[in-house]
Amino acid sequence: MMREMTGAEMVMQALIDQGVEHMFGYPGGAVLPIYDAMFHQNQVRHVLVRHEQGAVHMAEGYARSSGKVGVVLVTSGPGATNAVTGLTDALLDSIPLVCITGQVPTHLIGTDAFQECDTVGITRPCTKHNYLVRDINDLARVLHEAFYVAQNGRPGPVVVDIPKDIQFARGMYVGPENIEHKTYKPRLKGDPEKIRQAVELLARAKRPVFYTGGGVINSGPEASRLLRELARLTGHPVTSTLMGLGAYPAADKQWLGMLGMHGTYEANMAMHDCDVMVCVGARFDDRITGRVDAFSPHSKKIHIDIDPSSINKNVKIDLPIIGDVKHVLEDMLTLWRAMKIEPDRRAIADWWVQIEKWRARKSLAFTASDRIIKPQQAIKALYDQVKDKDVYITTEVGQHQMWAAQHFHFEQPNRWMTSGGLGTMGYGLPAAIGVQVAHPGSLVIDIAGEASIQMCLQELSTALQFNLPVKIFVLNNEYMGMVRQWQDLLHGGRYSHSYSESLPDFVKLAEAYGAVGLRCANPADLDATIAEMINVDRPVLFDCLVDKTENVLPMIPSGKPHNEMIMPDHPEALDEAISEEGKMLV
């Protein structure tokens with residue numbers, strides 16, 4: 001389709017042609033032409049946020065839960081700079097976003113005009129790609145390219161910066177069917193010879209493990225299905241990063257739980273002692289590897305990833321396979337069946353005997369109290385009531401995030417939304433709103449801490465305006481809990497500014513917004529209060545008062561290998577974990 005229209009009209013038409021149904025934004029002078037064009041259509045629904053950071057997190061939650069590209073619209077200057085945290089979060093967690101930013105007119109660029117900033121320069125390090133459109137004849141092509149780049153290869157955020165005069169200018173609109181990116185063509189199919197070598201390594205393995213990440217989920221539901229099929233066919237154990245939870249069902253007997261700093265004993269010990277490790281769509285970040293030179297020291301390492309820059313970046317790989325997870329897993333399955341492989345079943349059985357011994361340590365065990373609510377107890381109580389419902393979980397960042405990852409169990413992909421790479425406090429509530437927009441009939445819960453929730457709590461107003469009944473489940477221990485835990489570990493219990501002083505009355509605060517406020521401090525009332533939260537068809541802020549001193553265990557101290565975990569039954573090891581200098585790398 002080609003026809004003449006203004007730049008602002010091109011933006012809206014491109015969104016419609018790309019199948020966009022929802023966008024998240026905040027108006028300002030440099031994007032008013034686009035908002036005016038928006039007024040004249042009813043195909044794209046706009047969700048008005050209260051802060052641009054919230055807009056990007058909403059788009060992230062929307063994208064991660066739906067598999068679609070999240071779309072953001074903000075103005076120039078502070079509108080764009082406020083979006084930077086969300087863009088960085090999306091880049092590190094590989095979330096497909098298109099963020100359209102307004103810019104001052106082209107003749108004012110570089111003059112320090114009102115609400116001008118170098119958006120392209122500022123966002124270059126925190127986006128997959130970005131554009132400044134100086135010619136109306138480039139606008140349609142750039143918009144369609146932005147969607148292509150955002151969702152192909154390793155997904156990520158793309159910024160399109162549009163000066164105001166370009167929004168007023170008239171030009172010819174070109175539809176997406178006429179756009180082909182000339183240089184960016186990610187490789188989808190893995191090298192057949194390397195896939196054959198990987199299958200042969202797996203066939204000979206005596207202590208194998210699948211190490212899976214967010215790339216499995218990003219590759220789509222079919223990739224998760226193929227992972228499950230390959231695991232069943234081989235009989236090999238599966239573990240996951242924080243970002244990969246749900247790609248493999250938590251209830252399955254081959255599931256070892258989460259890997260890494262606060263992962264299970266059995267997952268970390270299996271990773272340390274395995275002889276063949278298949279990394280599927282993960283990037284060996286520091287929260288997973290622990291001490292890199294002691295990471296999985298005896299294994300042949302196979303790495304499947306669509307992003308070539310992730311190969312050998314942190315850990316030396318024996319067999320890299322560049323390609324889309326879905327395609328590579330499909331080829332591995334086909335080859336495994338064609339070769340009629342019979343693995344060393346006796347060795348695999350012995351490996352499972354060892355894994356069951358590690359599992360018997362019950363590394364996630366905790367002792368519930370009838371006097372005070374333990375945070376793990378709160379998560380378990382929540383899970384027990386919603387596990388059979390159509391539920392999506394987001395989190396803020398901190399101790400509550402780790403307890404949610406440990407004690408809330410996911411059977412499907414795209415049900416767990418958390419800030420992994422950047423660790424962004426304030427992510428959870430706006431992300432939950434984005435999820436609720438994408439899934440209006442589902443139960444959406446943000447598991448939060450009393451410190452994190454205050455970072456973007458203003459977005460509760462958005463939830464009220466658009467009738468989005470998100471639930472905020474706050475584990476309130478009156479501390480920036482993970483900060484306090486590290487201060488215990490590294491700084492002699494000197495709680496420098498980690499106590500959450502001057503906390504608001506969250507019940508009254510919720511009511512001031514027009515939401516429902518609930519509070520619970522007694523374990524005997526916990527189940528009933530959770531049920532009340534679930535059954536209310538309005539936004540709810542649940543202030544759950546929990547034990548102030550509980551630490552997230554098990555834990556691999558920074559700089560330690562996987563087989564030197566601090567376990568819940570030996571918490572005194574926290575004191576022993578401090579290095580000779582009394583300092584460790586956080």
Side-chain angles (χ1 to χ4, degrees), residues 64-68 94 96 151-155 186-203 205 208-259 267 270 274 276-283 300-308 310-311 317 319-343 348 409-416:
R64 291 173 68 173
S65 65
S66 68
K68 301 174 182 177
S94 305
Q151 61 192 316
N152 283 276
R154 179 180 174 180
R187 181 173 183 171
L188 300 180
K189 298 284 286 185
D191 183 293
E193 175 59 22
K194 290 186 175 180
I195 291 173
R196 184 189 62 77
Q197 293 175 31
V199 169
E200 289 176 349
L201 272 175
L202 274 177
V209 67
F210 285 105
Y211 151 37
T212 63
V216 181
I217 294 172
N218 287 341
S219 186
E222 181 68 6
S224 294
R225 186 192 68 76
L226 291 166
L227 171 65
R228 297 168 190 219
E229 191 173 342
L230 184 59
R232 282 194 296 270
L233 194 63
T234 60
H236 298 169
V238 182
T239 182
S240 167
T241 66
L242 178 74
M243 298 302 295
L245 296 177
Y248 195 83
D252 192 275
K253 62 181 187 287
Q254 290 173 240
W255 171 243
L256 303 184
M258 185 174 70
L259 177 71
C274 69
V276 174
M277 176 254 286
V278 186
C279 175
V280 188
R283 56 188 176 88
K300 290 288 186 182
K301 298 173 180 64
I302 303 166
H303 188 185
I304 303 167
D305 205 294
I306 200 167
D307 180 9
S310 290
I311 304 293
I317 300 303
L319 184 58
I321 303 174
I322 297 170
D324 183 85
V325 164
K326 176 180 66 177
H327 292 280
V328 175
L329 289 178
E330 186 173 40
D331 289 346
M332 288 178 73
L333 271 165
T334 300
L335 195 57
W336 185 282
R337 291 192 174 106
M339 294 170 69
K340 299 181 179 178
I341 289 172
E342 282 297 326
I348 300 298
H409 308 298
F410 296 91
E411 307 301 318
Q412 303 173 55
N414 305 104
R415 298 287 175 147
W416 163 252

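Here the structure is a predicted model, which is why all the values come from computation and not from measurement.
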Pairs satisfying salt bridge (charged side-chain N to carboxylate O under 4.0 Å, His left out), at least one member in residues 232-254, at least two apart:
none
Within the structure provided, determine whether Arg228 and Pro249 are in side-chain contact (heavy-atom separation under 4.5 Å).
yes
Shortest non-hydrogen contact from Ala223 to Val325?
CB-CG1, 4.0 Å
By salt bridge (Lys or Arg N to Asp or Glu O under 4.0 Å), Asp307 pairs with (sequence neighbours left out) Arg154
How many angstroms lie between atom CE of Met277 and atom CG of Leu201, to the nearest 0.5 angstrom?
12.0 Å
Between atom CZ of Phe210 and atom CG of Leu202, what is the distance when rounded to the nearest 0.5 Å?
5.0 Å
Nearest non-hydrogen partners of Leu329 and Leu227, listed with the distance
CD1-N, 3.8 Å
Residues that Asp324 engages under side chain to side chain donor-acceptor pair (under 3.5 Å), provided they are two or more places apart:
Ser219
Does any part of the side chain of Ile306, heavy atoms only, come nearer than 4.5 Å to the side chain of Leu188, both counted from C-beta?
yes
Any residue meeting salt bridge (Lys or Arg N to Asp or Glu O under 4.0 Å) with Arg415, in chain and number order, not counting sequence neighbours
Asp390
Taking Arg283's backbone N and O only, do any of them form a donor-acceptor pair with His303's side chain (distance below 3.5 Å, no angle check)?
no
Mind listing the closest non-hydrogen atom pair of Ser240 and Trp255 along with its distance?
CB-CH2, 3.1 Å
Are the side chain of Trp416 and the backbone of Leu242 linked by a donor-acceptor contact shorter than 3.5 Å?
yes
Salt bridge (charged side-chain N to carboxylate O under 4.0 Å, His left out) pairs, two or more places apart, involving residues 213-227:
Glu222-Arg225, Arg225-Glu229
Could I get the full list of side-chain contact (heavy atoms from CB on, under 4.5 Å) partners for Ile341, not counting sequence neighbours?
Val199, Ala203, Trp336, Met339, Pro343
Closest heavy-atom pair, Leu233 versus Arg337, reported as atoms and distance to 0.1 Å, is CD2-CG, 4.1 Å
Within the distance-only criterion (no hydrogens, no angle test), does the side chain of Arg64 pair as donor or acceptor with the backbone N or O of Asn218 below 3.5 angstrom?
no
For Ala205 and Ile348, which heavy atoms make the closest approach, and how far apart are they?
O-CD1, 3.7 Å
With sequence neighbours left out, the residues meeting side-chain contact (heavy atoms from CB on, under 4.5 Å) with Ala198 are Ile302, Leu319, Ile321, Met332
Sub-4.5 Å side-chain heavy-atom contact between Pro308 and Arg187:
no
Excluding sequence neighbours, so at least two apart, what forms side chain to side chain donor-acceptor pair (under 3.5 Å) with Ser224?
none
Can you tell me if Lys300 has over 12 outside heavy atoms packed within less than 6.0 Å of its NZ?
no
Give, for atom CD1 of Ile304 and atom CD1 of Ile195, the distance between the pair rounded to the nearest 0.5 Å.
7.5 Å
Salt bridge (Lys or Arg N to Asp or Glu O under 4.0 Å) partners for Lys68, two or more places apart
Glu21
Go through it in stages, so that I can follow the logic: the residues are Tyr248 and Gln254, the test is side chain to side chain contact (heavy atoms under 4.5 Å, CB included), and I'd like the CA-CA distance, side-chain angles, deciding distance and then a yes or no.
CA-CA 9 Å; Tyr248 195 83; Gln254 290 173 240; 3.6 Å; yes
Sequence neighbours left out, what passes side-chain contact (heavy atoms from CB on, under 4.5 Å) with Pro237? Give chain and number order.
Val209, Leu256, Trp351, Trp352, Ile355
List in chain and number order the residues that pass side chain to side chain donor-acceptor pair (under 3.5 Å) with Thr239, two or more places apart in sequence or in another chain; answer none if no residue qualifies.
none
Can you tell me how far CD1 of Ile311 sits from SG of Cys279, rounded to the nearest 0.5 angstrom?
8.0 Å
Lys189 with Asp331: basic N within carboxylate O range, under 4.0 Å
yes
Partner residues of Glu411 under the side chain to side chain donor-acceptor pair (under 3.5 Å) criterion, sequence neighbours left out
none
Rounded to the nearest 0.5 Å, how far does CG of Leu245 lie from CD1 of Ile217?
7.5 Å
Which heavy atom in Ala267 sits nearest to a heavy atom in Gly257, and how many Å separate them?
CB-O, 4.0 Å
